[in-house]
Student: 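Could you have a look at this structure, given as C-alpha cells, before my questions?
Chain A is the first sequence line, chain B the second, and so forth, proteins listed ahead of strands; every chain is numbered from 1. A quick note: this is a predicted structure, and the numbers were derived from the prediction, not measured.
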There are 4 protein chains.
Amino acid sequence: MDVVEFRPQRDQYAWTFGGVEPVRRIAPGTALRLWTEDAFGGRLQSPSDRPSECLDMTEVNPQTGPFHVEGAEPGDTLALHFAELEPARDWAASATIPFFGGLTGTDRTALLHEPLPELTWIYQLDREREVVVFEALRGQLRLDLPLEPMLGTVGVAPAGREVRTSLVPDKFGGNMDTPEMRAGATCYLGVNVEGALFSVGDGHYRQGEGEACGTAVEGAMNVTLIVELIKGHAPVWPRIEQDGHYVVVGSSRPLEDAWRASQVGMIDWLHELYGLDRLDAYQLLTQIGQAPLANVVDANYSAVTKIPKNLLPAADAYQGMHRYLRERAASL
Amino acid sequence: MDVVEFRPQRDQYAWTFGGVEPVRRIAPGTALRLWTEDAFGGRLQSPSDRPSECLDMTEVNPQTGPFHVEGAEPGDTLALHFAELEPARDWAASATIPFFGGLTGTDRTALLHEPLPELTWIYQLDREREVVVFEALRGQLRLDLPLEPMLGTVGVAPAGREVRTSLVPDKFGGNMDTPEMRAGATCYLGVNVEGALFSVGDGHYRQGEGEACGTAVEGAMNVTLIVELIKGHAPVWPRIEQDGHYVVVGSSRPLEDAWRASQVGMIDWLHELYGLDRLDAYQLLTQIGQAPLANVVDANYSAVTKIPKNLLPAADAYQGMHRYLRERAASL
Amino acid sequence: MDVVEFRPQRDQYAWTFGGVEPVRRIAPGTALRLWTEDAFGGRLQSPSDRPSECLDMTEVNPQTGPFHVEGAEPGDTLALHFAELEPARDWAASATIPFFGGLTGTDRTALLHEPLPELTWIYQLDREREVVVFEALRGQLRLDLPLEPMLGTVGVAPAGREVRTSLVPDKFGGNMDTPEMRAGATCYLGVNVEGALFSVGDGHYRQGEGEACGTAVEGAMNVTLIVELIKGHAPVWPRIEQDGHYVVVGSSRPLEDAWRASQVGMIDWLHELYGLDRLDAYQLLTQIGQAPLANVVDANYSAVTKIPKNLLPAADAYQGMHRYLRERAASL
Amino acid sequence: MDVVEFRPQRDQYAWTFGGVEPVRRIAPGTALRLWTEDAFGGRLQSPSDRPSECLDMTEVNPQTGPFHVEGAEPGDTLALHFAELEPARDWAASATIPFFGGLTGTDRTALLHEPLPELTWIYQLDREREVVVFEALRGQLRLDLPLEPMLGTVGVAPAGREVRTSLVPDKFGGNMDTPEMRAGATCYLGVNVEGALFSVGDGHYRQGEGEACGTAVEGAMNVTLIVELIKGHAPVWPRIEQDGHYVVVGSSRPLEDAWRASQVGMIDWLHELYGLDRLDAYQLLTQIGQAPLANVVDANYSAVTKIPKNLLPAADAYQGMHRYLRERAASL
C-alpha cells in the first residue's frame, strides 16, 4: 500500500474548504500519515495566553490538505478511514473566546452583554495512563479525563462554487466537531468538485457532546487515514460508519433543523441498506435512534443520528467498504 | 415502609399538570405501586386503527395522579425514585399522527403540505426474551428490540398558577420523553405549589433519543416508586440521578434553547456539588458532557445534559438521597 | 346599547387566561368601558424603582376580566371591537428586567452572563400634543414620541383545560404585544370554553415592533370595546381586522414558526374570503404580505402577517362584522 | 460625473460573492448603468415552465459584477446609492420550487413530505398604470399590484476568504431580499477585500415582506447607481439609509438571531449618530423601531430593523453621504 507522509509548513495550511490548490494528488487506495496543527495554530500555550491577543479568528482551524483524489467527480462518494489518531504533543489547550461558544452571546445571537471572561486551560497529556488532566483555574479541582482522540474537522470542497471557512460545518462536512470521528471510523462524504479536495484538522484529545464553550481539548494530531473512492452514491449529509454504529451528521440552524437533516439522512440510509419504506424507517428510527449532539457553537450547529448495528440485520454499506478499510488499516 | 397501591379508573385520569384535585395524600417516604395507561388511552390496538379516528388529541397522555405530598411547599425539592417499571400489557403501540412529530409540518411548523400517511404499528412483547418486536408495515422486516421501559411523563403542578397539558414538558417536568427516566433513576423536581401534586404516565417499552415520529413504543406500565421530600433546594430544571450519571433536562424551543437550559442547569449542579466556579464548570462540561436528545416533537423540545459520575470525584447530591432511595427500593 | 362599566379592585385582577371565575356575564352586543392597570401593577413610578425589588414576576400583566359571554361555545368566534383606548394616567413606565427581553440571556436562552443593568424609564404624557416623552437616563437626549395607544394582551381561556399566565401569547391570543391591537381594530378569537372568558390588559401608550427590551411604554388604560359573537368559524390563530388591513398573529418559537403560523393563517383567511386556492394564496401573499414583528421577548414570540385591503377585491369578512362594529362604536 | 454602462453577456454573470474576477475597475464617485438578469436567468417564461426542468439551482440569482472599487480596503465602507430601478422587461415570473420556500419542507427543515406542486406565475407589467398583474392559476382572480421595484441581491466579497452563493445573505449583504432596497436608498456595506468587489442582481418588480414562497415578482432590471467609498467605519451588518428611515439588515438562523443582529446593529448606529448609551438606545428602539421581515426562505433569514428619521433629532450619517448622493442622483 502507498503510504504518503505529509506535514504542512506553517504557510501551507488551508483555512477554507474549497478555494485552495491541492497540496498533493493521490490515487484512491492511498494511505496518508498526516500531521495536523491544533485549532489555535499552537498559539495558546499557557493559562496567561489570552485568545483575543493570541488568535486571529480568520486563521483558526488550520487544515492539512487539501488532497486531490484522482478520478473523484461530483456525485461520487469519498471514503476516509481513520486508522489512527495519535496526539502529536504532550499538552493541549482550551479557552473561552469573547462572543464565541454555546452559553454566551455571539455575533449572531447578538445581545447587549459584556463578553464572558477570557480564560485558557492547558491540559497535560499522560500517555501512559492515557489521560489528559483538567485543572480548575479558579479552584483546586484536578481531574484525569480519558484520552479519546477525535478530529473536529473533516471535509471536501463545497458545491455551488462556494468556499467556506474551516470553522463551519455543512453538507461538505467541515467543522462538525463530533466525537464520532475517531480512530476506527470511516467517513463518507459526497464529492462536489473534481478531485474532491478533502482536508482534515482540528484534533481534539477529547470533547464532550455539544462542545459547550466552543473549544475542545485542542491538540496537534498525527493522523493516519486511508482514502477510497466509491463511484456515485454521494450522500446528501456526511455519514460515518464504525464497527458498531451507523452515523449521520446534519449541520444547520436552528438545532432542530440540524437534527431533522441527520434524521432524514438516516432514514435514507436505512432505505438504501434494507429497502425499508421511509415511513417504516421513520418508525424504526424513533425507537432505536441515538441522538448525541456534536456542536452547538459553530456558525452551523451539528446534530448526530446514530444507530447500533446490533439492532439491525447484517448489511454491507457501500459493499462492505468499512470492513475492507478496517482490514487494510490493520495491516498498516 | 408504607406501600400505597393505586390504579385509576378511566374517569380518574388527569390530563394536565396542575388544576386537578389530588387522588391521594401521601407522606414523604411512601412507596407507590401505580398502574399507568398508555399515551393513547389504550385505543390503538391494531394496525388498522387510525389515530385521527381513535384519538381525541386533548385526551392523550393520561396521568396517574396527582398525588399530594404532605409538607411539600414551593421551593422544596421532590425526589421520585423509580424502583421498578414493568410493562402491564403484552403489546404496545406507536403511530404517525397527522401534523404531529419531528419530521412533518405541525400546527406550529405550519406548512402547506398534506399530512403524512397515518399508520399504526403494534409491538408484541416477549417477556422471556425481553424484547418488543418491530414489524414493518410496508415490507417484511421484523426485528427484536430490547425491552427498555421508561416513563415519558413525570411532573408536578407548574408555577405561576398555570395548568399545562400532559403533552408539554417544561420546568415542572412533564412530557420530557427521555429514556433516562428508567428504573433505578431518581428524579428531582422543584415544588411550585403546596403538596407538589405530582403525577406520572406515558410509559414507553422503549424509545430512541429524539422520539422522531412523536410516539414511542407506548404501553401501559406498572410503576413502583418511592417519594421523598427535600426541604428547599428546588432546581430550576428537572434533574435525574442514576447510579452512574447526573442528568439535567431542559425543555424549550428552539432546540438550542432547550440544550442551553440543560447545560446551565448542569453547571449549576456542578457548582453545588463541588463548589466549582461557573466558568471552570463550563470548561469541564465542554469536555465530559453527554448530550443525548430526549424529544424534538412536543410543544417544547427536551434536551438532556448528562455526566458520567466516574469522571468526577465522589459526591453526595442532596446528601446521598439517591443511594438512600436505591437501598430502600432494594428492600421493597 | 348596553354599556357595562368595570374597574377591577386590586384583588380582582386575573393573572392567567383560564382558571379564573368571570367577573361579569355579558350578552353579545354589549359595550364595555374598562379600566386596565399597567403591566407592572403600577409599581414602577420613578427611575429609582428597580424592577427586581418592585415586581413579583408571577404578578405582572394584570388582566381586567375575564368576562363570560353568554351563548359562546367552543368552536365559535369572539369578536372584540376596540372603540377607544385612552391613557388613564399622565405617565407610563418601561424597564429592563434581569434576564427578560430580546437582547439579553433569559431563563430559556440560558447563558452565563451577568444580567444587564436594571433601569427604569418614566415617560410623561402630554395629552395636548399627543406625545409621550422619552428621556435618556445616561445622557441628555429627550424626544417626543407620538401617543399610539394599544393593548398588549387580549385573550380567551385556552383549549385543552390549560391555564396560561398572562405573559404568554398563543392560539388563545394573550400577550401578543402587537401595535395592530389599537382603537378601531376588531379582534377575532376562537372560543375554547363555554362563555369564552376573555380578558384584556397590558396597555401600551406606544410600542415599537418586536418590543425589544420586553416592556413597552406601559400605562394604565381606559378601554371601550364592543363584544360580539359569531357562531362557529373559529380561526386557528387570532385575527385582527382594521379599516385598511387584514391581520393574523402567530405565536411560537423559534420566530420562524410564529411567522409560519401567521402566514398559513392568512392563506386560510384568503381562501375563506375569496375561494382562492391555497397555492395561489401562497403566491399572492408572497407579493403583497406585510410582516411587522410583534414581540420577540415573551415565552412565545409573536409574528404578524398583514395585508392591505386596497390591494384586494372588496370582501365582507364574517359578513361585515368589522364595519358593523365600527358603526356601532361611532354611536357610543 | 463618470457614467459607466455595463450589460453582462450570459457568460459574464457571477454566481457568487467573492471568488470572481471583477468585470470593471471603477473609481469612487462613478455612476453605473447596469442591466441585471432575473433570478431565474430568464428561463421561466410561461405557466407551463416547470422550475425543476428549467432551472439549475446552482445557477440562479445571476449577478452583474463584481466591480472593483479603487482604493477600497478592508474596514472601509462602500456606499451604493440606487438612483433608479427600472424594469427591463414587460413581464416577470414567480414560482414554487420543490423544497424551497418558507411554507414547505426544505433541505434543512428536512421532513418526509412530498414536495408541494411546482407552479409558475407570469406577471404582465403595465407601465402606464404602474402595476404588475397577478393571475390566479387555479381560479379567476386577477389583481393589479403596484409596481415597486427593488433589488433582492446587493453584496460585496465576504470576509475570511469565503466565497458564497448569490442565494445567501449574510454580513456581506447578498440575497437579503428586502423591499427596503429600492430607488432612493443608499446601502452601506463593510469592505472585506481590496476593491470591495460588489455586485447586484435579483430584481423584483415587487415583493411582500418575508417573500413567503421564496420567489418574488422576478424580473430583469435596469439599475442606475452611484458608488462612493468611505474610509473606515465598516458596519458589522448592512445598513440602508432612505430619505425617511434608517435601516439595518441582519441575516442568520433562527429568525430571532437575524432579528437580534439587526437590532444590535441599530443600537450601534444610534450610538454612533447620537452618542446614545447602548441601554438608552435599547429602550428607545423598543418604542420606535419597526421590524418588517425581509425573507424567511433563504439559507439565512433576513430581518430588518427600521427607524423613522422624523422621530429622531436631525443627524448626518456618514457625514451626510445619503443626502449628497441623493443630490448627485438628481443630476444624472
Student: Please classify the contact between Leu141(B) and chain A as side chain, backbone, both or neither, with a heavy-atom cut-off of under 4.5 Å.
Tutor: side chain

Student: Salt-bridge test for Arg43(B) and Asp38(B): reply yes if a basic N is under 4.0 Å from a carboxylate O, no otherwise.
Tutor: no

Student: Non-hydrogen atoms of chain A under 4.5 Å away: do they reach the side chain of Leu276(B), the backbone, both or neither?
Tutor: side chain

Student: Please look at Pro179(B) and chain A and tell me whether the side chain, the backbone, both or neither of the residue comes under 4.5 angstrom of a heavy atom of that chain.
Tutor: neither

Student: Side chain from CB out, backbone as N, CA, C, O: work out which of these in Ile307(B) comes under 4.5 Å of a heavy atom of chain A, or both, or neither.
Tutor: neither

Student: Does any N or O in the side chain of Asp49(A) come within less than 3.5 Å of the main-chain N or O of Leu44(A), such that one atom is a donor and the other an acceptor?
Tutor: no

Student: Donor-acceptor pair, Glu211(B) side chain versus Ala216(B) backbone, under 3.5 Å?
Tutor: yes

Student: Considering only heavy atoms, which portion of Leu279(B) lies under 4.5 Å from any heavy atom of chain A: side chain, backbone, both, or neither?
Tutor: both

Student: Taking side chain as everything from C-beta outward and backbone as N, CA, C, O, which of these in Tyr123(B) sits under 4.5 Å from a heavy atom of chain A? Side chain, backbone, both or neither.
Tutor: side chain

Student: Which residue out of Tyr301(B), Tyr274(B), Phe134(B), Trp121(B) racks up the most heavy-atom pairs below 4.5 Å with chain A?
Tutor: Trp121(B)

Student: Within the distance-only criterion (no hydrogens, no angle test), does the side chain of Gln207(A) pair as donor or acceptor with the backbone N or O of Ala294(A) below 3.5 angstrom?
Tutor: yes

Student: Grab the two heavy atoms, one from Arg89(B) and one from Leu125(B), that are nearest each other, plus how far apart they are.
Tutor: O-CD2, 3.2 Å

Student: Answer with yes or no whether the side chains of Ser252(A) and Asn300(A) bring together a donor and an acceptor at under 3.5 Å.
Tutor: no

Student: Identify which part of Leu143(B) has an atom lying under 4.5 Å from any heavy atom of chain A, answering side chain, backbone, both or neither.
Tutor: side chain

Student: Looking at Gln287(B) and Thr215(A), would you say the former's side chain and the latter's main chain have a donor-acceptor pair under 3.5 Å?
Tutor: yes

Student: Contact part of Thr305(B) toward chain A, heavy-atom cut-off under 4.5 Å: side chain, backbone, both or neither?
Tutor: neither

